[in-house]
Chemist: 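Before anything else, here's the structure in question.
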Amino acid sequence: MTLSPHLEAKFAKLLTSYPPGRQRSAMIPMLMFAQDELGQVTQELVEEVARRIGCTPLQVEEVLTYYSMLHKKPLGKYHVQICTNISCMLTGGAELWEHASGKLRIGHREVAADGFFSLEEVECIGACSWAPAIQVNYDFHHHVTPEKLDRLLAGLRSANAV
Amino acid sequence: MLYNEPSPHEVKVLTRRFGLADSASIKTYLKTDGYVAFEKALKMKPEEIIEEVKVSNLRGRGGAGFPTGLKWSFVPKTSPKPKYIVVNADESEPGTCKDRLLIENDPHQLIEGMLIAALSVDAHAGYIYIRGEYRYLIDIMDKAIAEAYEHGYLGRNLLGSAFHFDAFTHTGAGAYECGEESALLESLEGKRGVPRIRPPFPAVVGAFQSPTILNNVETFCAAPAILRDGGAAFAALGVPKAGGTKLTCLSGHLNKPGVYELPLGFPVKKMIEEVGGGIRNGKKLKAFVPGGSSCPVLTAAECEGLTMDYDALAKVKSMLGSGGVVVMDEDTCIVKVALRVMRFYAHESCGWCIPCREGTAWLRKLLQRFHDGHGQRSDIVLIGDLAKNMLGRTFCPLGDAAAMPTISFVEKFRDEFEAHLDGRPCPYEPANRLAAHLVAQ
Amino acid sequence: MAAPVKLTIDGKAVEAAPGTLVIDAAKLVGINIPSFCYYEGLTLQAACRMCLVEVEKAPKLLAACTLPVAEGMVVRTETPVVAEARKYTLEFLLTNHPLDCPVCDKGGECELQDMVFRYGAGESRYSENKLHVDEKQWSPVVFYDGPRCILCFRCVRICSEGMGVGALGIVNRGAVSEIAPNHGDHLECDECGMCIDICPVGALTSGTYRYKTRPWEMDHVGTICTHCSNGCKTTLGVRNGQIIRGNNRDRSGINGEFLCIKGRYGFDFTDHPERLQSPLMRVNGKLEAASWSVALAAVAKKFSEVRARHGSFGVIGSTHTTNEENYYLQKFARSVLGTNHIDHHRSGDVVTLLDALSGTAGSLSTTADLYERKAVLVVGADLSSQQPFLAFQIRANYRHHQARVYVVTENEVREDGIAAATVRVDKGGELAGVHSLAEKLKTESELVIVFGDSIKGEAVRELVAFGNSLGIPVKYVALVDYSNSRGALDMGLVPELLPGYQPSNQPGMTVGEMLESESLEVLWVVGANPLESAAMKAKDAFVVVQEMFLTETAQRADIVLPAASAYEKTGTVTNVTGEVQRLKTGPSTMGAKPDLEIIGLIARDMGLAAAVGPWIADKVFEEIRATVKGYSVPMAIISAGGAAHTMPVNGRIPVESRPDLIHSSRDNLFTSGTLGRYSKMLGSVMEGRQA
Ligand SMILES: Cc1cc2nc3c(=O)[nH]c(=O)nc-3n(C[C@H](O)[C@H](O)[C@H](O)COP(=O)(O)O)c2cc1C
Ligand code: SF4
Ligand code: FES
């Protein structure tokens, strides 16, 4: 499978980042970085990564299905992750989740029909002191209110309309 | 970047560069005593470095609070294998958000801490395991690492010595269990985040089957200050058996939630009322979790005279943990909190051992049903009982982390559980709105 | 040996070697600590938490499966706290486990059922919904029912560690974790079924056995696999005269828990619809059914007539028939029929090896040696595919004792993965490849050399000379093909050798020569199919065939006598390493008779029974023990179902070695000569079709 030059460079660096014979260590970073470009972990990618680090596709599958940030199905262009863990829950995270779910009309780990947004209720994302917090793709947003969320989602839509 | 105003009560040691312009850059770092501790350590013998850390009374900031100097001394001196430094930046304990700030604002402090640890055991490579959600920190860290190479603080012949050290970032991919040290090492080796059988501990058999120093970000970040100002000075900041400051993450129903660097032994009431600005909306304190969601909950009454340090919290059968203080006001439904906490552990259980895998899943379902108003009196006993049947019997401490708070919720807030009985709706959320959104995992 | 560690378990004093795990130390004094995930020989998991015990001074219960013994340690395995922990662990386990034991295939031999019976809670406090996922079929022989799986990871480990295949993995996390096959929805593997036998519950079930019977409705007959030469014990589940399954759950044979696809599933030829159940006689050019008495009388008449005029007999024996049958057949041929034209298909040069080793002692390796010796050299054989138990032993040796494995082969083999050095050679370059390893092998303290049919004749002598030059103790295995290939040689089923490798005064014709001979008057074929790939020149010869199926050879016969399979009779067989084991009768096929009996009845009908002796396996074996060199093995071992090692000769064998006659059939895991053709199961797995 052909990878972008950017990914190729990342993979090349990863393969030299671990002690000799320990290329398997590169598995999770490779999957994460590749998923960022491809939007999902495809079977083709599983096989490619397995080949590059010298393990079996099943060994990649075992790992891939363990981690909650690795996805075999494509996510939306913007993956909205709302934390409802304790600190966020106490400060309105649960309500935020309901609001987002109602607004986007999708549920947990679902993708909107147009593929633009996907939604996930996530566990603590390390923003407890600035709760409630969400992440859109990798970007953190703190002290989020339903109104702020609406503005954010609308902003993403219009930025992409052009 | 700072996400909250500092507090006048803070003692800024690890966070001293926070708020400086360009605080993450090596320029700023070097201007503010950066890498002087490393220079000093280069001239010291490994035993002397470890001794200094022992004197500092530094205890691990990742949750278990194990004395750091002692841990470093367990690395076998005569092992022919290479030795490794591993930084635990998995920060996933609910209520905890401090390592993120340390890396974001002062990544070189972490590199320097790693270098000092490396000198103490003659390690030549280090890995910073950063949770997958903190992708932006990888970029920050990678940039700092590149700067350090440029300036001769990483690579070969550091500061003209024979010492060499390489540092790498490594991303996680969403798994709380990978914060547990041996699961982290498995994950670092490209495997499922399942803990290893211990002993052997990482100090003896760690990364890549080699002796390894594995500490929390904050622990490593304390090392430069300890070497620079001396272990005794650091120790003096804290209480007799635990030195230094602790980054404390205040969250929940507070007026001024935020991350604050407080000396160990800081009074709990003062922390809540003055540092955290008191309970918001003029409400009363009901309970708080002192060190992340795995710690047994403490009631308002238990705050009296209590201080934030390992021993004081152990005395009230809780823990300082990772420093995640979650404050709950009088309108908080404890059953709902218990449910949310258990949902977390059930979601994060790696599935390896029976009591944790099945116990957390059972408790999650049971607490859900209970909170939804379908609880029975016998369930209250059952909840505590199941948690006790997990406690101390699981393969790793995740089972304990799920059991301990649960036991405390049932024991300390039994009346709230009883208030949910007989089909009555949640007294705090009469419409029982929560049930609608909870997703079956 | 370091001094033993002294400790106390349940008040009993125990001495155990340092490093022994408490769970094993307890067994030394008859204390059984329950466990699911612990499995001797596989990596430790400490996952099931059933083995928690109280240890004095420890703050909490400790897992006995990962706890090494320590001096003065005081362990309690049955205290109220321990019992309670077990009970609640079982309660946890049962939350998502279906409680439908009456309809579960594993009912009656399920470790979970037994454990709950012993320690479990009478009632469950679980009233939530159970997780459900549908059962999946991963191959014709392997089914997986997720909800029953207790995640002990035995299957995953036996597949990756034991078999070196790694076809099973663990996917997902937490309560929804499950076992997954290597190709998405199906398995591509050895189809050995080890995962099924090792599964303590009904999560993995066998496609050939599931839902056919309850275990207590079967007789469990421990016998020896009739396929390859490795001699694995397989326990046949027999109900109403039919084999329902083969397995090895009691681990009582030389093979421990090991069985390959053939040993576990390859029994179905026994009730193949084409199985012969009545003698056949050629009438007007066509084979027609006849009664035993008529058919035997016709054979006896013909044999007597040809014998009377000193006509020429050719006898071809089998590599699947028992030692008793082979011994009896050659005795009959030589002493009654007066012919030395007796032979069988040879697949390895045992004769030259024994000759080259003459004068040495202890130079023949056993299967146990392959597990225990420090280094193993594999020459010209794909062991994992052709000699699967030997390969299993070597893998286990590598895992448990860090054995150093050397490989010299033409193609890639599974052993490469554990090899200290691998040499790839062209066909015929094996010996040169071996020489290239000389320096490395000299650094070893001992060695076993396993060689295939590319090393024969002079090459065997060179190999032994090479072994001698290393200056370390070396043992050898000359690989052969089938379940009694080795026994056939030992029993003198060759024209140039009598039993025990005594040279024959007048060597007769080989198989090839018999088929080429135009003057042969009678060809008697017992359990072989020489005409599968060759023609017979003597157009008018009278052909008698003892067979299970109407093979190419049987089709040419004048009289076909239906024979019992190895699973349907008693007697002994000798495996590739010269270990003798006993067969037990499982089912019986109506109309067929064991070859020994058939030969005896022919002798009787010829009026010559006295000359060959009784056709009772035990009696014949007594004679073998008394007369065949190396076979005076202890009866106690054999009778108890054990394996006794033989050393057939220790002196020169002054015959012309016939390397030209040695060819391995190169059967793989999914083929097994003629038998394999009649096993539907072997033909049904996709790997078999590809191979
Ligand atoms: C379930 C579990 C999760 C943990 N998560 C973290 C974590 O996110 N970050 C961390 O530093 N330590 C975490 N720990 C503690 C580590 O196992 C380990 O004790 C720590 O990283 C050691 O560093 P320290 O001595 O500096 O505290 C966790 C432990 C358990 C049992
Ligand atoms: S399938 Fe059987 S052997 Fe495999 S993990 Fe499940 S219970 Fe254990
Ligand atoms: S046998 Fe010890 S935990 Fe399973």
Side-chain angles (χ1 to χ4, degrees), chain A residues 13-14 17-19 21-33 35-36 53 55 59-60 62-70 81 83-91 94-95 97-98 101 107-109 121-131 133 135 137-140 142-143, chain B residues 3-4 82 91-97 99-100 125 127 131-136 168 170-176 178 187-194 208 210 249-253 257-259 289 293 324 326-329 332 336-337 340-341 343-344 347-348 350 433-434 436-437 439 441:
Chain A
K13 165 137 200 309
L14 281 168
S17 294
Y18 306 94
R22 297 287 182 169
Q23 280 68 23
R24 185 173 170 167
S25 280
M27 187 196 298
I28 294 164
M30 279 183 172
L31 292 171
M32 283 285 276
F33 295 140
Q35 173 177 270
D36 291 346
I53 60 178
C55 65
Q59 286 169 323
V60 178
E62 288 186 284
V63 170
L64 151 69
T65 54
Y66 177 91
Y67 293 92
S68 57
M69 289 179 73
L70 292 170
Q81 301 148 79
C83 175
T84 62
N85 208 305
I86 170 164
S87 303
C88 287
M89 181 185 87
L90 293 175
T91 48
E95 289 73 16
W97 160 264
E98 275 181 47
S101 179
H108 179 59
R109 288 202 168 199
E121 185 186 11
V122 292
E123 298 298 351
C124 179
I125 50 176
C128 321
S129 290
W130 317 290
Q135 263 189 299
N137 296 342
Y138 288 112
D139 295 333
F140 279 91
H142 298 141
H143 301 298
Chain B
Y3 302 115
N4 56 270
E91 186 156 74
S92 321
E93 174 79 8
T96 316
C97 48
D99 297 339
R100 184 179 153 190
Y127 295 89
R131 68 178 295 188
E133 292 83 350
Y134 288 175
R135 169 61 58 81
Y136 78 108
F168 307 91
H170 182 101
T171 180
Y176 165 69
C178 290
S187 183
L188 178 64
E189 294 184 12
K191 304 193 187 132
R192 293 165 63 81
V194 172
F208 314 115
S210 299
C249 320
L250 299 186
S251 71
H253 296 139
V259 176
V289 172
S293 68
V326 186
V327 174
M328 298 168 240
D329 71 13
T332 309
K336 181 174 155 185
V337 170
R340 189 61 190 87
V341 168
R343 278 184 62 206
F344 171 71
H347 184 251
E348 299 300 333
C350 78
R433 298 169 45 237
L434 187 79
H437 90 272
V439 230
Q441 288 168 338

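Values below: all heavy atoms of this structure, side chains included; hydrogens, waters and symmetry mates excluded. Reminder, nothing fancy here: chain letters follow the sequence lines and each chain counts from 1.
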Chemist: Kindly indicate, with the supporting measurements, whether the criterion salt bridge (charged side-chain N to carboxylate O under 4.0 Å, His left out) is fulfilled by B/E189 and A/R24.
Modeler: CA-CA 6 Å; B/E189 294 184 12; A/R24 185 173 170 167; over 6 Å; no
Chemist: Test side-chain contact (heavy atoms from CB on, under 4.5 Å) on B/F168 and A/L14; report intermediate values, then the result.
Modeler: CA-CA 9 Å; B/F168 307 91; A/L14 281 168; over 6 Å; no
Chemist: What part of B/Y127 lies closer than 4.5 angstrom to a heavy atom of chain A: side chain, backbone, both or neither?
Modeler: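 For B/Y127, the side chain is the part near chain A, not the backbone.
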Chemist: Supply the atom-to-atom distance B/E91 CD to A/I125 CD1, rounded to the nearest 0.5 angstrom.
Modeler: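 These two atoms lie 11.5 Å from each other.
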Chemist: Pair A/S25, B/F208 - check side-chain contact (heavy atoms from CB on, under 4.5 Å), show working.
Modeler: CA-CA 9 Å; A/S25 280; B/F208 314 115; 3.2 Å; yes
Chemist: Can you tell which part of B/L188 gets under 4.5 Å to a heavy atom of chain A, answering side chain, backbone, both or neither?
Modeler: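 The answer is both parts of B/L188.
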Chemist: Grab the two heavy atoms, one from B/P94 and one from A/I86, that are nearest each other, plus how far apart they are.
Modeler: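 What the structure gives for the nearest pair is CB-CG2, 4.0 Å.
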Chemist: What part of B/S187 lies closer than 4.5 angstrom to a heavy atom of chain A: side chain, backbone, both or neither?
Modeler: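 Contact with chain A involves both backbone and side-chain atoms of B/S187.
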Chemist: Let me confirm one number: the CZ-SG distance from B/R131 to A/C124, rounded to the nearest 0.5 Å.
Modeler: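 Separation between the atoms: 6.0 Å.
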Chemist: Give the minimum heavy-atom separation between B/G190 and A/I28, together with the two atoms involved.
Modeler: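 Residues B/G190 and A/I28, closest heavy atoms: CA-CD1, 4.5 Å.
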Chemist: For B/Y3 and A/H143, run ring pair (Phe, Tyr, Trp, His ring centres under 6.0 Å): C-alpha distance rounded to whole Å, both residues' side-chain angles, the deciding distance at 0.1 Å, then the answer.
Modeler: CA-CA 10 Å; B/Y3 302 115; A/H143 301 298; 8.9 Å; no
Chemist: Evaluate the side-chain contact (heavy atoms from CB on, under 4.5 Å) criterion for residues A/E121 and B/R343: first the C-alpha distance (whole Å), next the side-chain angles of each, then the deciding distance (0.1 Å), finally the verdict.
Modeler: CA-CA 12 Å; A/E121 185 186 11; B/R343 278 184 62 206; 3.1 Å; yes
Chemist: Using 0.5 Å steps for rounding, measure from the OG atom of B/S210 to the CZ atom of A/R22.
Modeler: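 So the gap between those two atoms works out to 7.0 Å.
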Chemist: Look up atom CZ in B/R135 and atom CG in A/D139, then write down how far apart they are to the nearest 0.5 Å.
Modeler: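 Here the rounded value is 11.5 Å.
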Chemist: Specify whether B/Y134 and A/F140 have parallel, tilted or perpendicular ring planes, treating 30° as the upper limit for parallel and 60° as the lower limit for perpendicular.
Modeler: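 Rings of B/Y134 and A/F140: tilted, as their planes differ by 30° to 60°.
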Chemist: Contact part of A/N137 toward chain B, heavy-atom cut-off under 4.5 Å: side chain, backbone, both or neither?
Modeler: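 The answer is neither part of A/N137.
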Chemist: So what's closer than 4.5 Å to chain A heavy atoms on B/V326: side chain, backbone, both or neither?
Modeler: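 When you check distances to chain A, only side chain atoms of B/V326 fall under 4.5 Å.
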Chemist: For the residue pair A/Y138 and B/E133, what are the closest heavy atoms and their distance?
Modeler: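 Smallest heavy-atom distance, with atoms named: CD2-O, 4.3 Å.
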Chemist: With rounding to the nearest 0.5 angstrom, report the CZ to OG1 distance, B/R340 to A/T84.
Modeler: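 It comes to 3.5 Å.
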Chemist: Mind listing the closest non-hydrogen atom pair of A/Y67 and B/A173 along with its distance?
Modeler: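 Taking A/Y67 first and B/A173 second, the nearest heavy atoms are CB-O, 3.2 Å.
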Chemist: Using non-hydrogen atoms only, which part of A/A131 is less than 4.5 Å away from chain B: side chain, backbone, both, or neither?
Modeler: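 Answer is neither: A/A131 stays 4.5 Å or more from chain B.
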Chemist: Please classify the contact of B/C350 with chain A as side chain, backbone, both or neither, using a heavy-atom distance under 4.5 Å.
Modeler: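 Answer is both: backbone and side chain atoms of B/C350 are under 4.5 Å from chain A.
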Chemist: Which answer fits B/T96, side chain, backbone, both or neither, if we ask what part of it has an atom under 4.5 Å from a heavy atom of chain A?
Modeler: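 Contact with chain A is through the backbone of B/T96 alone.
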Chemist: Just to verify, which of B/P257, B/S293, B/S251 counts as forming a side chain to side chain contact (heavy atoms under 4.5 Å, CB included) with A/C128?
Modeler: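 Single pass found, and it is B/S251.
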Chemist: Need one label for B/R100: side chain, backbone, both or neither, based on atoms under 4.5 Å from any heavy atom in chain A.
Modeler: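 Side chain of B/R100 only, per the 4.5 Å heavy-atom cut-off to chain A.
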Chemist: Measure distances from A/Q135 to the heavy atoms of chain B and classify the residue's part below 4.5 Å as side chain, backbone, both or neither.
Modeler: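 Looking at A/Q135, just its side chain touches chain B.
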Chemist: Quick check on A/V60 against chain B: is it the side chain, the backbone, both or neither that has a heavy atom closer than 4.5 Å?
Modeler: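 Nothing of A/V60, per the 4.5 Å heavy-atom cut-off to chain B.
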Chemist: Counting only heavy atoms closer than 4.5 Å, note whether B/V341 contacts chain A via side chain, backbone, both or neither.
Modeler: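 Side chain only.
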Chemist: Who wins among A/S87, A/G21, A/S101 for the most heavy-atom pairs under 4.5 Å with chain B?
Modeler: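 Greatest number of close heavy-atom pairs with chain B: A/S87.
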